[in-house]
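See structure below.
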There are 2 protein chains.
Amino acid sequence: MAGHGTDRRRDDPRGRMISEITDDLRRYSVDAQHVGHAFAALHGLNATDLHALIAVMDAELAGDPITPGRLGEQLNLSSGSVTALIDRLERAGHIRRDRDTADRRKILLHYADRGAALAMEFFQPLGSRTDRVMARFTDEELAVVHRFMAEMSASLREHRDAIRAARPEPPRRAVD
Amino acid sequence: MAGHGTDRRRDDPRGRMISEITDDLRRYSVDAQHVGHAFAALHGLNATDLHALIAVMDAELAGDPITPGRLGEQLNLSSGSVTALIDRLERAGHIRRDRDTADRRKILLHYADRGAALAMEFFQPLGSRTDRVMARFTDEELAVVHRFMAEMSASLREHRDAIRAARPEPPRRAVD
DNA sequence: CCGAATATCTCGACGGGCGAGATAGCCGGC
DNA sequence: GCCGGCTATCTCGCCCGTCGAGATATTCGG
């Protein structure tokens, strides 16, 4: 799970450092994915459900409740899948559907009590661990980390959009 | 997609910084997931297939080819799913099965040409972007980032294991 | 009021994942 | 040598999340 690099490992210390950070980031992403999956499974959900729940909470906390359509864009799901997803979450008591009074075609998604509790339960212990690590860094060091992660995050998002813009190639079979 | 926090945002600058980094990390993980998913879809794979491919490459580059069993542990898949997974990847020409000559129950997984090419295609542009960001940081700054990410990564892995150790609760329905 | 556009939902098909059981190969004791 | 238990992988039937085409409801401009 480490050290694949693109074999870009150079001999100078800086090159090595870059390879290590690359591996750190990859490991972190993979583990984050596993954490989400494991937590979701633990509560009878799947990864998508958890993502959706977080998206709904984020939107609502930002004072701008999300609609099924926008949720589908964010999670990259088809409209049919989104409906099924919302059905699941609503049936489980995590979220609630509300018709938009202004445009009655739209549905506004709000989290219900159980959803809020679950999200809290997800983030709270994670936050504790996070805080414990952060405590070992000075303000200046955290500032560097923030600058780094913010730039990485932006770069990665660009990359994602570039890939999504590309056309999926026709399914290939066997030896092609 | 930002600012859910656990509402732990304190008023002091350091507290704010911590919240921001938390958000950075979360955004990064989510986007990394999307990048993987999008890239996989672009090449007619699914997310699991891509993870498996990377795991196979990692193991082989480390000089210790992975077996279906260990792959299943790493991806948290059942044995049946692993067999199906390997079938898919082999059929698509990404990997190859080899019986272990010492213990003939075991299968050793090696990547085939197409698999190597695909992994390269995945990591190369990602590496370019990564390098471009890293170029804007000094050696000392990168050292801080590395220390931070390594600790975060370890902490997250512990968290994952803790969750996995917990018993899945019985599936709940409707209002319970 | 009509027609085009938008938002969501319905439904049939597909495919990945699960898990119990089958199969093949290893190893220690006798 | 061979029997029994163990391990590694595979087979198979089932479940459920996703897709995508089409249906339905609502808005808005003319």
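Within every chain, numbering begins at 1; the chains are lettered A, B, ... in the order of the sequence lines, protein sequences first and strands thereafter.
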Whole-Å distance between [N] [atom2] and [X] [atom1]?
X         : N       : atom1 : atom2 : answer
Leu89(A)  : dT8(C)  : CG    : P     : 15 Å
Asp100(B) : dT9(D)  : CG    : P     : 9 Å
His51(B)  : dG17(C) : NE2   : P     : 11 Å
Arg104(B) : dG25(C) : CZ    : P     : 5 Å
Arg70(A)  : dT6(C)  : CZ    : P     : 17 Å
Leu108(A) : dT26(D) : CG    : P     : 15 Å
Leu75(B)  : dT9(D)  : CG    : P     : 14 Å

Return a single string for nucleotides 10-20 of chain D, one symbol per nucleotide in 5' to 3' order, where B is base contact, S is sugar-phosphate-only contact and - is none, cutoff 4.0 angstrom on heavy atoms. BB-----SSBB
Check ion pair Glu141(B)-Arg147(A) (N to O, under 4.0 angstrom): yes
Please determine if Arg105(B) and Asp103(B) form a salt bridge, counting it only when a charged side-chain N lies under 4.0 Å from a carboxylate O. yes
Do the side-chain N and O atoms of [X] and [Y] include a donor-acceptor pair separated by under 3.5 angstrom?
X         : Y         : result
Ser81(B)  : Ser78(B)  : yes
His146(B) : Asp24(A)  : yes
His159(A) : Arg129(B) : yes

Please determine whether salt bridge (charged side-chain N to carboxylate O under 4.0 Å, His left out) holds for the pair Arg96(B) and Asp98(B), giving the CA-CA distance in whole Å, both sets of side-chain angles, and the decisive distance to 0.1 Å. CA-CA 7 Å; Arg96(B) 195 163 34 78; Asp98(B) 273 340; 2.7 Å; yes
Contact class for Ala47(B) vs. all strands (heavy atom < 4.0 Å): base, sugar-phosphate, or nothing? nothing
So, does the side chain of Arg105(A) form a donor-acceptor pair with the base of dT8(C) at under 3.5 Å? no
